[in-house]
There are 2 protein chains.
Amino acid sequence: MVNKTPAAKAPDATRRNERSRRAILDAALEIVGEVGFSKLTIEAIAARAGVGKQTIYRWWPSKAAVLFEACMPEGLDPLTVELPDTGDIEADLKTVLRGTVDELRNPKLEAPTRALSAETQNDPELGRQLTERILEPQLQAYVRRLRSAQEAGQIAADIDVRIAIELLVGPLFHRWHTRTLPLTHEYADTVAELALRGLSPR
Amino acid sequence: MVNKTPAAKAPDATRRNERSRRAILDAALEIVGEVGFSKLTIEAIAARAGVGKQTIYRWWPSKAAVLFEACMPEGLDPLTVELPDTGDIEADLKTVLRGTVDELRNPKLEAPTRALSAETQNDPELGRQLTERILEPQLQAYVRRLRSAQEAGQIAADIDVRIAIELLVGPLFHRWHTRTLPLTHEYADTVAELALRGLSPR
DNA sequence: TTGTCAAGACGATACGTCTCGCCTTCTTCT
DNA sequence: AGAAGAAGGCGAGACGTATCGTCTTGACAA
């Protein structure tokens, strides 16, 4: 048996229409920015993209999956994600965390990003894919940079770098999720300073 | 003008049926636990609660609002939320963070909690209410406990306690949101230790 | 008398499946 | 090589179902 469900014949990806694919992704991004995720419907995407509904259902399992692909950087090799390494771990982390703040505050990305973040709570499989294809490559870049800092003696050698990462980015995402206080560069700097103080050798 | 929309006449809360209210909240919790938030419908709640749909629409603006009220502790005075203070800030924080981990891992609460967390991303007004009535009272308890630690010289006096809190709970919620690594008591302890190391006086 | 209540009818909307020609691409036959 | 199918994605939209939020009815309680 080839397919999990014998009735489900997989579509032939080699015959796929790239123009339609792009039109769908662009339409989804436009609409979610205009009216929000709850009013983003498959029918509206199809209408704006000038596409049949079946063309969407054929290639994506949900509107969240469409939005996910629409947010994916296209030709970007995940392995190219790299953090700066000037030798000064504090300066480098501040640079990166400030960049994260800028991305989270980017008005063009906010609607789809929040929609996807929300959707991962109720759709663990989507969350798994998002983690694997977007989050994990970035975390691996952190891992490499923090190991480098450990070898330089700037971070205690016995610290689990995965936990170190969460100490750095957790507070930023928490503030973004809860919208309690403004997410600023100053905040990123303070978090970097305090976290590094906790991570440095005694 | 009394109402924002003249046509909207406010219902008379004094004549409200408490039995129906409880049946609705209980039904909502049951259903979201069984089939998830996306399949939680107003019609299903009304049917299971033995209630007319209008009785739900009359008192709540959305299914998320119903779930929110269903998750609210009933007779609990928010001011009574208090963190332990044994004088040992590290031990106390570990106790509290372990409790948070236990709550986040509680199978009965997981479905509604994730659903509400997701909904706050796309509904800022709901997020505001959830922050005000659930999150903020707990944060205030943290503020009091951390100020006490500052007075005892266990935490640097020049640190913004709001940021200190985010350093403590941010990593926990980040792991809960992303489901990357297991959320355990050991993790809570490590976060408390590392964060406190960053917060302690130099 | 007034207003909530349970029940459910109602039109609107979006769902996901399907059917229909149209068109492109690949295969086969002369 | 060129013509004639064969296969399958495509745009369009009809279809039945589900849920939406509003509205109506009659019972009941304050």
Side-chain angles (χ1 to χ4, degrees), chain A residues 2-3 5-28 30-32 34-67 69 115 119 122-123 125-126, chain B residues 2-28 31-32 34-67 69 115 119 122-123 125-126:
Chain A
V2 176
N3 295 319
T5 50
K9 46 198 166 188
D12 184 347
T14 67
R15 308 188 62 168
R16 187 166 182 186
N17 186 329
E18 174 64 18
R19 184 188 317 282
S20 297
R21 177 177 160 277
R22 272 257 53 97
I24 290 165
L25 300 180
D26 293 343
E30 281 179 30
I31 296 174
V32 82
E34 290 168 12
V35 299
F37 184 71
S38 62
K39 288 182 196 159
L40 173 72
T41 64
I42 300 281
E43 305 214 322
I45 297 173
R48 174 153 335 185
V51 139
K53 292 197 298 176
Q54 191 63 258
T55 303
I56 300 180
Y57 285 111
R58 185 179 297 121
W59 300 109
W60 291 278
S62 67
K63 64 177 181 174
V66 175
L67 206 52
E69 187 167 334
E119 214 53 18
N122 297 319
D123 183 347
E125 169 57 20
L126 178 74
Chain B
V2 176
N3 294 319
K4 283 181 292 185
T5 50
K9 45 195 168 192
D12 185 346
T14 67
R15 308 186 63 168
R16 186 167 182 185
N17 186 331
E18 174 64 18
R19 184 187 318 281
S20 297
R21 177 177 160 277
R22 273 258 51 100
I24 290 165
L25 299 180
D26 293 343
I31 296 174
V32 82
E34 290 168 11
V35 299
F37 184 72
S38 62
K39 288 182 194 157
L40 173 71
T41 65
I42 300 281
E43 305 214 321
I45 297 173
R48 173 152 339 181
V51 138
K53 293 197 298 176
Q54 192 62 38
T55 304
I56 300 180
Y57 285 111
R58 184 179 298 121
W59 302 108
W60 290 277
S62 67
K63 64 177 183 175
V66 175
L67 206 53
E69 188 167 334
E119 214 53 17
N122 297 318
D123 182 348
E125 169 57 21
L126 178 74

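Keep in mind that what you see is a predicted model, and the values were worked out from it rather than measured. Numbered from 1 within each chain, the chains take letters A, B, ... in sequence-line order.
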Whole-Å distance separating the [atom1] atom of [X] from the [atom2] atom of [N]:
X: B:Trp59; N: C:dA6; atom1: CH2; atom2: P; value: 12 Å
X: B:Arg58; N: D:dT24; atom1: CZ; atom2: C1'; value: 13 Å
X: B:Ile31; N: D:dT19; atom1: CD1; atom2: P; value: 11 Å
X: A:Asn17; N: D:dA7; atom1: CG; atom2: P; value: 22 Å
X: B:Tyr57; N: C:dA6; atom1: OH; atom2: P; value: 15 Å
X: A:Ile45; N: C:dG16; atom1: CD1; atom2: P; value: 11 Å
X: A:Ile24; N: D:dG9; atom1: CD1; atom2: P; value: 14 Å
X: A:Ile56; N: C:dC15; atom1: CD1; atom2: P; value: 9 Å

Check your understanding: Just by protein heavy atoms under 4.0 Å, how would nucleotides 19-25 of chain C read 5' to 3' in B, S and -?
Key -> -----BB
Point to revise | From C:dG3, C:dC15, D:dG21, nucleotide with atom closest to B:Ile42 side chain | key: D:dG21
Review point. Starting at the 5' end of DNA chain C, which residue's closest nucleotide do you reach first, A:Pro61 or B:Gly50?
Key: B:Gly50
Point to revise | Side-chain-base donor-acceptor pair under 3.5 Å for A:Lys53 and C:dG16 | key: yes
Practice item. Name the nucleic acid region contacted by A:Thr14, choosing base, sugar-phosphate or nothing; use a 4.0 angstrom heavy-atom cut-off, strictly under. Key: nothing
Got a list of side-chain donor-acceptor pairs under 3.5 Å for residues 34-45 of chain A, not counting sequence neighbours?
residue	atom	partner	partner atom	Å
A:Glu34	OE1	A:Arg48	NH2	3.0
A:Glu34	OE2	A:Arg48	NH1	3.0
A:Thr41	OG1	A:Ala44	N	3.0
A:Glu43	OE2	A:Lys53	NZ	2.7

Exercise for review: Indicate the atoms forming the closest heavy-atom contact of B:Asn122 with A:Ala115, along with that distance.
Suggested key: OD1-CA, 3.7 Å
Exercise for review: First locate atom CG of B:Asp123, then atom OG of B:Ser62, and finally report the distance between them rounded to the nearest 0.5 Å.
Suggested key: 6.5 Å
Review point. Which distance, rounded to the nearest 0.5 Å, do you find between the NZ of B:Lys63 and the CD1 of B:Ile24?
Key: 15.5 Å
**Study point:** Distance test, side-chain N/O of B:Thr41 to OP1/OP2 of D:dA18, below 4.0 Å
**Key:** no
Check your understanding: Would you say a side-chain N or O of A:Ser20 is under 4.0 Å from OP1 or OP2 of D:dG11?
Key -> yes
Revision key, fill the gap. Partner of A:Glu18 under salt bridge (Lys or Arg N to Asp or Glu O under 4.0 Å), picked from A:Arg22, A:Arg21, A:Arg16, is A:Arg21
Practice item. Begin with the C-alpha distance, continue with both residues' side-chain angles, and end with the deciding distance and a verdict on side chain to side chain contact (heavy atoms under 4.5 Å, CB included) for B:Trp59 and B:Glu69. Key: CA-CA 11 Å; B:Trp59 302 108; B:Glu69 188 167 334; over 6 Å; no
Exercise for review: Assess whether side chain to side chain contact (heavy atoms under 4.5 Å, CB included) is satisfied between A:Leu25 and A:Trp60, documenting all intermediate values.
Suggested key: CA-CA 11 Å; A:Leu25 300 180; A:Trp60 291 278; 3.8 Å; yes
